[in-house]
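Pasting a structure here, questions to come.
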Amino acid sequence: MTLWTTIVEDFEKCFLREERWKLLLSGIGVTIKISLVAAFFGLLIGFLIALCNLSKKKPLNVIGKVYTDIIRGTPSVTQLMIIYFVVFAYIRWPKWLIAATAFSINSGAYVSEIIRAGILSIDKGQTEAGRSLGLSRGQTMMSIVVPQAVKNIFPAMCNEFITLIKETAIVGYVGLVDIQKAGDFIKSATYRPFMPLIATAIIYFVIIKVLTILLGKIEEKLRKSDKR
């Protein structure tokens, strides 16, 4: 039996027989769905926590720092299991939505630090100029500081989103069949680890590569105004 024959047989057994490829297709949908929802709400949470960390009001500052310390100081898989098996133990939400909630909370801590750093990177003169024009602190932040900070933090935000997609590979711990778990099921059913693992790696690579290209084009458009 030649190597090529072995590869073809493994491919047929792992993906074509019993239509196991559908497991991977379904897993792609689960991964993308969780990642998009988590990225959206993680951005909202991160922005609010960043404002808390930058606030001069001590209670808000304490809330922001405690949140980021706890989330950044504990493993994401532990957070997922606490939220799924403890916080939402008696709440009948769809599994993927609970997982997305966990990742939103996790991502929010990292996003908050990215946003905070981006806001602090803007020259204080911009804030002073806004205040001299009669704008309130909040108006100055939203109309002058944040729009300028967006271009500075965009690459880091893209990196966080890519990291988030890869981190969702742990959702199998709570019974969700994502890309990684689908590959594990195929591996267990066929006793052929090579094909399912390689397929899983290729799928993640393609998703992230396409996303990187799209985000790169968006970044180019954001940077056009900087060119002279």
Shortest non-hydrogen contact from Thr168 to Asp178?
O-OD2, 3.3 Å
List, one per line, each side-chain donor-acceptor pair under 3.5 Å for residues 157-166, sequence neighbours excluded.
unit_1	atom_1	unit_2	atom_2	d
Glu160	OE2	Ser107	OG	3.1
Thr163	OG1	Asn159	O	2.9

Do Ser188 side-chain atoms and Asp184 backbone N/O form a donor-acceptor pair below 3.5 Å?
yes
Hits for salt bridge (Lys or Arg N to Asp or Glu O under 4.0 Å) against Asp10, two or more places apart or cross-chain, chain-then-number order -> Arg192
Check: residues 28-43 side-chain donor-acceptor pairs under 3.5 Å, at least two apart:
unit_1	atom_1	unit_2	atom_2	d
Thr31	OG1	Gly27	O	3.1
Thr31	OG1	Ile179	N	3.4
Ser35	OG	Thr31	O	2.7

Heavy-atom pair of closest approach, residues Ile98 and Ile83
CG2-CG2, 4.1 Å
The criterion is side-chain hydrogen bond (donor to acceptor under 3.5 Å, both in side chains); which residues satisfy it with Lys65, sequence neighbours excluded?
none
Set of residues satisfying salt bridge (Lys or Arg N to Asp or Glu O under 4.0 Å) with respect to Lys13, sequence neighbours excluded
none
Of all pairs that satisfy ring-ring contact (aromatic ring centres under 6.0 Å, His included), the ones with a partner from residues 188-208, not counting sequence neighbours
none
Excluding sequence neighbours, so at least two apart, what forms side-chain hydrogen bond (donor to acceptor under 3.5 Å, both in side chains) with Ser121?
Asn152
List in chain and number order the residues that pass side-chain contact (heavy atoms from CB on, under 4.5 Å) with Val62, two or more places apart in sequence or in another chain; answer none if no residue qualifies.
Lys58, Val66
Measuring from Thr190:OG1 to Arg20:CZ, what's the distance to the nearest 0.5 Å?
6.0 Å
Contact summary for Cys14 and Ile186, nearest pair of heavy atoms
O-CG2, 3.3 Å
Sorted by chain and residue number, the side-chain hydrogen bond (donor to acceptor under 3.5 Å, both in side chains) partners of Gln79 (sequence neighbours excluded) come out as Thr74, Asn106
Suppose we screen for side-chain hydrogen bond (donor to acceptor under 3.5 Å, both in side chains). Which residues come up paired with Glu219, at least two apart in sequence or across chains?
none
ILVMFWY network linking Ile153 to Leu120, side-chain heavy atoms under 4.5 angstrom:
yes
Between Ser104 and Ile45, the two heavy atoms sitting closest are O-CD1, 3.9 Å
Distance-minimising heavy-atom pair for Phe15 and Met195:
CZ-O, 3.6 Å
Take Ile122 and Ile144, measure what side-chain contact (heavy atoms from CB on, under 4.5 Å) needs, and give me the verdict at the end.
CA-CA 10 Å; Ile122 305 302; Ile144 298 177; over 6 Å; no
What verdict does the side-chain contact (heavy atoms from CB on, under 4.5 Å) test give for Tyr67 and Ile105, after you've listed the backbone C-alpha separation in whole Å, the side-chain angles of each residue and the deciding distance to 0.1 Å?
CA-CA 9 Å; Tyr67 175 86; Ile105 294 170; 3.6 Å; yes
Give the table of side-chain donor-acceptor pairs shorter than 3.5 Å for residues 108-119, with sequence neighbours excluded, one pair per line with atom names and distance.
unit_1	atom_1	unit_2	atom_2	d
Ser112	OG	Gly108	O	3.4
Ser112	OG	Ala109	O	2.6
Glu113	OE1	Arg116	NH2	3.0
Glu113	OE2	Arg116	NE	3.4

Backbone N/O of Leu97 and side chain of Thr101: donor-acceptor pair under 3.5 Å:
yes
What is the minimum heavy-atom distance between Asn61 and Asn53, and which atoms define it?
ND2-O, 2.8 Å
Within a 6.0 Å radius of atom OH on Tyr173, are there more than 12 heavy atoms belonging to other residues, nucleotides or ligands?
no
Which is it for Val86 and Met81 under the side-chain contact (heavy atoms from CB on, under 4.5 Å) test, yes or no, and what are the steps along the way?
CA-CA 8 Å; Val86 179; Met81 295 179 77; over 6 Å; no
Salt bridge (Lys or Arg N to Asp or Glu O under 4.0 Å) against Lys209, all qualifying residues, sequence neighbours excluded:
none
